[in-house]
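Read the structure below first, then the notes.
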Protein chains: 2
Amino acid sequence: MSNLTQEVTQLHADICSALADPRRILLLYALAEKPYTVNDLAKYLDISQPMTSRHLKILRERGLVVATRDGINVEYSLNDHRLIDALDLLREVLRDRIVSRANLIVELK
Amino acid sequence: MSNLTQEVTQLHADICSALADPRRILLLYALAEKPYTVNDLAKYLDISQPMTSRHLKILRERGLVVATRDGINVEYSLNDHRLIDALDLLREVLRDRIVSRANLIVELK
DNA sequence: TAAACATATTTACTTATGCGTATATATCAA
DNA sequence: TTGATATATACGCATAAGTAAATATGTTTA
């Protein structure tokens, strides 16, 4: 495997680890609706302000969201909507997995 | 937010954390080609046998791959090909992010 | 049953991640 | 400059995740 492949795969994994937290997923889905300020996100999702800021930083560092200052506020927005498409796809995989497990349980009864 | 939403979002994050490792991504892409045994995967990807087994276990526990014993070997296969679609989509997001950063650097020169 | 091979797990350890609290920084208005 | 508000970061701690090496388990064949 080439070094480039290895590097890209590492970045690929970095994106996935940015998604590996329920609050960050909720943040992204919120930002898929429209841009929000940090405080609005914090209130919306019932997460403390420092927590919200820190999770947004992780998403920002990986280029998944962008921040623009608007006076006293900082507005965050989704960088690429295909990220939501990918999340939706994963949620479908998840849903079918749950369904198939439910079937398995029925079978076992 | 309902408890159900919270639980599903946790499972969503769990899938993402299963993807948050370069070797597991490589394992999934390998299994997207065709089923492989543990040893074949280990040789293919140059990962030790215990490591390969451990990472496969993580993917298996989250329902992303399935294992079937074939005599002395255990053959792993991809459970749902849409997982690869989602990974491909994330890789596209990643690629465009890299490209746009490259453009940024040019602009700054 | 014993040997050989494939796979899985345990152990002990290091590193990474997440959290609450407190505090720092940035912007604007008075 | 001071006060008020919004955002970001630092610190200390607890927990989770990853690792190598050794070993256990399971399966087939002699």
Side-chain angles (χ1 to χ4, degrees), chain A residues 6 9-28 30-31 34-79, chain B residues 1 6-7 9-28 30-31 34-79:
Chain A
Q6 218 160 357
T9 307
Q10 180 64 58
L11 292 172
H12 205 171
D14 288 343
I15 285 193
C16 293
S17 77
L19 305 176
D21 182 284
R23 269 144 310 192
R24 292 199 289 269
I25 289 179
L26 292 174
L27 284 167
L28 289 169
L31 295 176
K34 64 183 174 77
Y36 280 98
T37 66
V38 178
N39 252 329
D40 286 348
L41 285 170
K43 284 179 208 149
Y44 187 11
L45 302 176
D46 194 30
I47 306 173
S48 76
Q49 179 273 318
M51 259 302 138
T52 306
S53 176
R54 237 176 327 171
H55 283 301
L56 285 170
K57 183 186 187 182
I58 291 169
L59 296 172
R60 179 161 39 86
E61 284 174 343
R62 278 146 167 111
L64 306 183
V65 303
V66 290
T68 58
R69 186 170 274 279
D70 177 24
I72 203 172
N73 297 302
V74 174
E75 197 170 72
Y76 278 84
S77 53
L78 198 61
N79 193 26
Chain B
M1 184 173 53
Q6 218 158 359
E7 274 176 46
T9 307
Q10 179 63 58
L11 291 172
H12 205 171
D14 288 343
I15 285 192
C16 292
S17 78
L19 305 176
D21 182 285
R23 270 146 310 184
R24 292 199 289 267
I25 290 179
L26 292 174
L27 284 167
L28 289 169
L31 294 175
K34 64 183 174 78
Y36 279 98
T37 66
V38 178
N39 251 330
D40 286 348
L41 286 170
K43 284 180 209 150
Y44 188 10
L45 301 176
D46 195 28
I47 306 172
S48 75
Q49 179 273 316
M51 263 300 140
T52 306
S53 177
R54 272 185 54 87
H55 283 301
L56 285 170
K57 184 186 186 181
I58 291 169
L59 296 173
R60 180 162 38 88
E61 282 172 345
R62 280 146 167 110
L64 306 183
V65 301
V66 290
T68 57
R69 187 172 273 279
D70 177 25
I72 202 173
N73 297 303
V74 174
E75 197 169 70
Y76 279 84
S77 53
L78 198 61
N79 193 25

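In the text below, chain A, chain B and the rest are named by the order of the sequence lines, each starting its count at 1.
For the pair B/Ile58 CD1 and C/dT7 P, the computed distance is 18 Å after rounding to whole Å. When the C1' atom of D/dT15 is taken as reference, atom CG of A/Asp21 falls 14 Å away, rounded to whole Å. Protein atom CG of A/Leu41 is 15 Å distant from nucleotide atom C1' of D/dA8, rounded to whole Å. Distance A/Leu27 CG to C/dG18 P: 13 Å, rounded to the nearest Å. Summarising the geometry, the separation between CD on B/Gln10 and P on D/dA16 is reported as 12 Å, rounded to the nearest angstrom. Atom pair A/Glu75:CD and D/dA8:P shows a separation of 12 Å (rounding to whole Å applied). At whole-Å resolution of the value, CZ in B/Arg62 and C1' in D/dA16 are 11 Å apart. Per the geometry, NZ belonging to B/Lys43 stands 12 Å off P belonging to C/dC5, to the nearest Å.
Across B/Tyr36 and B/Ala30, no two heavy atoms sit closer than the pair CE1-O, 3.3 Å.
B/Leu27 places a side-chain heavy atom less than 4.5 Å from the side chain of B/Leu45. Counting only heavy atoms from C-beta outward, the side chains of B/Ser77 and B/Leu31 never approach each other to under 4.5 Å. Within the 4.5 Å cutoff, no side-chain heavy atoms of A/Thr37 are placed close to those of A/Asp70.
For C/dC19, one of the phosphate oxygens OP1 or OP2 lies less than 4.0 angstrom from a side-chain nitrogen or oxygen of A/His55. Distances shown here put every side-chain N or O of B/Arg69 at or beyond 4.0 Å from the OP1 or OP2 atom of D/dG26. Side-chain N/O atoms of B/Arg23 include none lying less than 4.0 angstrom from OP1 or OP2 on D/dA17. At the phosphate of C/dT7, OP1 or OP2 sits under 4.0 Å from a side-chain N or O atom of B/Asn73. A close approach under 4.0 Å does occur between a side-chain nitrogen or oxygen of B/Tyr76 and OP1 or OP2 of C/dA8.
Out of C/dG20, C/dT27, C/dT7, the shortest distance to the side chain of A/Met51 is found at C/dG20. Of the candidates C/dA8, C/dT27, D/dT9, C/dA8 carries the atom nearest the B/Pro50 side chain, counting heavy atoms from C-beta on. When the nucleotides C/dG18, D/dT9, D/dG26 are ranked by their closest atom to the side chain of A/Lys57, D/dT9 comes out on top. Closest to the side chain of A/Ile72, out of C/dT9, D/dA6, D/dT7, is D/dA6.
Judged by distance alone, with hydrogens and angles left aside, the side-chain atoms of A/Asn73 form no donor-acceptor pair with the main-chain N or O of A/Glu75 at under 3.5 Å. Formation of a donor-acceptor pair under 3.5 Å by the A/Arg62 side chain with backbone atoms of A/Cys16 is not found in this model.
Contact of A/Arg54 with C/dG20 (side chain to base): a donor-acceptor pair of N or O atoms is detected under 3.5 Å. Judged by atom type and distance alone, B/Gln49 does not reach the base of C/dA6 through any side-chain donor-acceptor pair under 3.5 Å.
As judged by a 4.0 angstrom heavy-atom cut-off over every strand, B/Ser48 is placed among residues making no nucleic acid contact. Using a 4.0 Å heavy-atom cutoff across all strands shown, A/Thr52 reaches no nucleic acid atom at all.
Where A/Arg24 and A/Gly71 each meet DNA chain C at their nearest nucleotide, the meeting point lying more 5' is that of A/Arg24.
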